[in-house]
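First the structure, in the form of structure tokens, and then the observations on it.
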Amino acid sequence: MAGGSLPTEISSFVGRRDDLASMRRLLATAHLLTVTGVGGVGKTRVSLRLAYELRRSFADGAWWADLSTLHRGAEPQLVAETIAKGLGVQDHSTRTTTEVLLDHVRDRRLLLVLDNCEHLIDAVGPIVRAMLAASAELRVIATSRQPLGIAGEHVLELRPLASEAVTLLLDRMHAAMPEFEPTAGDRDTALRLCQRLDGLPLAIELAAAQLRSIGMATLLERLGDRFRLLTGLAATLDWSYQLCTEHQRLLWARLSVFAGDLDLAAAEQVCADDLLPHEEVLAALAGLAERSLLISEHRGGRVRYRMLETIREYGAQQLDDPESVQIRHRDYFRRLAYEAATQWHGPDELRWLERIRTDLPNVLAAMGWSLSTPGESAAALEMAISLMRSHCWYVVGGLAEGLRWLRLALAAGEEQPTPLRAMGLAWASIIAVFLGDPAQAPELIPDTGDALADASTLTARAIWAWIVEYNYAVVAENFAAARDLFLRAGAVGDAFATELWFAFNGGEPETGCQALVDRAEGLGAGYSLANATWALGSSFLATDPERAVTSIEKSLRRFQAIDDLWGCGWTMEMLSWACTAAGHHERAAILMGAAGKLWSDIGLRLYRPGPFAMGHDRAAATLTEALGERAFRAAIDEGAELGFDRAVAMGARVGLPTRSASPPLPELTAREREVAELVAAGLTNPQIAAKLFLGARTVQTHLRSIMNKLGVNNRTQVAAHIADSRAR
């Protein structure tokens, strides 16, 4: 899956030509380049610039992993999972994440930037060493205040700016005040100001944010006394802190508990109290952003804020009551995870999946804090269960990571409510079975008297009987009982999931599967619809293979639009069975090879014994007989070499994902067609904006126009429309 995950550059890049040239020379031979330097010297920015310049030299893309969201001393498994997310790797296996990473990079030529490593040296070093040993084509750029200390590491110390510091200051002044034209006197004042700021880019950026209101001369005068005792970034941050209002200072300190970025609602709920009233948070946020203490980004018509790690660390030092703020942070994201779980199976499914994707760093940070705080493990377990119920780990992350969080919460050694613990054990069993490792499934707690917990336990029993024992009577009995209990508990989404699983098992006739499709379509539930369409296709396998092919192709297009690799992998596998039954033998074998490669990439594997393994073996035997052993193996190898995008395009019969491959839609303009194609490819609005060199608001305007013209209400329907137009 070539491409990359580089953050967008939100301001012009100034200077550092010599440093960039040195880094390029080092990376020509070095496999690991660590960029060191004091906080605020620009390690992140120069590494991002270099990654953009070099990205086309790497066939498998340039990727970014931000480690600043992890707490100091985080365990290696969590560090590896964060790196895997940066690389776009989903892990649906029982292997360690480091093993998954090694498999992922082994045959790829890619560039990986690991940002903010200094607080995780002991964990990052061994992981990077193992990745480099596994891949001769991997290049790693690490940013850290100290070297990683592993063999083969080349270190470049980034020093403060000299003459370029003035250029940076004047550039930022001009950006804030387009009418500003510096005089010779201004340049002299700028030089002296940059000298006082030690040439540190972050300090210069912070100073430039004040110049609209007080001017360079006044700013220089105010710095004088303070800088007789303190120099550099610490003094600049202290000075910036003093210039803030009391509300801005409180907010700065309290925002330090967040991991990753946040929105206004989160800031209001977590940071507001009697000292910082709810209605004052927006003004304080705007003030911090204006002073360059927060970075604001527009996404989907909303603004999200993030704080550089150096500024976050300073804010944390000013936090006078960290526990109460941490509790509010945990409770806010616990509610968010719970709402995502309970709102599933409705028109907002995909919105909740995207919300969880965006806020997952904060959800995990809240879980981590709960696990490390005595008496709070029940909250962590509740959140881990909510993430399972919201289908987060199928789409956003990997089932192995979700299972790890469940096990950590269950093993906390604290008293937890029995129904909650029963649900946790049930989900741990379900995922262990789905990962093909039923020996790791825990013992269940039956008959708690809680409908939701007991329904979860019955579901776990049904899935065990379905995949491990292949006992149809037990499957039917337990799924039916689980569905009734879920409905009694008001858990409509969980009940629908049991019906889907029962349908996959072959328990629903065609009419029943069509009813599931109709119900999901009527609700506008995009994720449910993708799964229900898959179930409908599976119901036609034995009776009408051509209808099975058509239905499963539709499902594959929907899973691709959602960016659900789990769904794509299994749908592609079942499509190969349908093509086998319909007599499309060569296509079936190619799809089977593509599905197998995708499983390998994300850790999926056939469940043995059970219906999936049996279906695969039957199809493989039929194809071997029809094509011959040599032709069958050649087709399998061809499918494995297609790559994800080409494999899905072939499976969904949409052609290759290029503009020329799609018939024009006369109702859309050329630009709207481009935006719609990228929506169908699963890109978010910020990603589309970066790809087309547009503003995020412009993308949103185009998307609104597209929806109006097509008569649809959401991104999923846009994607489905585009997919259908390709298939025509």
Query - Arg159, CZ: over 12 other non-hydrogen atoms inside 6.0 angstrom - result: no
Query raised in the report: Any donor and acceptor pair, going by atom type alone, linking the side chain of Ser144 with main-chain N or O of Cys117 inside 3.5 Å?
Result: no
Query raised in the report: Is Leu158 close to Thr36 at the side-chain level, that is, under 4.5 Å between some pair of heavy atoms?
Result: no
Query raised in the report: Would you say the side-chain atoms of Trp405 pair up with the backbone N or O of Leu364, donor to acceptor, closer than 3.5 Å?
Result: no
Query raised in the report: Can any side-chain N or O of Glu297 pair as donor or acceptor with the backbone N or O of Val303 at less than 3.5 Å?
Result: no
Query raised in the report: Quick one: are Leu112 and Ile141 in side-chain contact, heavy atoms under 4.5 Å?
Result: no
Query raised in the report: Can you check whether Leu50 reaches Arg45 side chain to side chain, under 4.5 Å on heavy atoms?
Result: no
Query raised in the report: Short question: side chain of Thr69, backbone of Gly260 - any donor-acceptor pair under 3.5 Å?
Result: no
**Report entry** Test item: Asp60 side-chain N/O and Arg109 main-chain N/O as donor-acceptor pair under 3.5 Å
**Finding:** yes
Query raised in the report: With no hydrogens and no angle check, is any side-chain donor or acceptor of Thr97 less than 3.5 Å from a backbone partner on Glu81?
Result: no
Requested in this report: Take atom CG of Asp122 as the centre, draw a 6.0 Å sphere, and report whether it contains more than 12 heavy atoms from other residues, nucleotides or ligands.
Outcome: no
**Report entry** Trp566-Phe559 aromatic ring centre distance below 6.0 Å
**Finding:** no
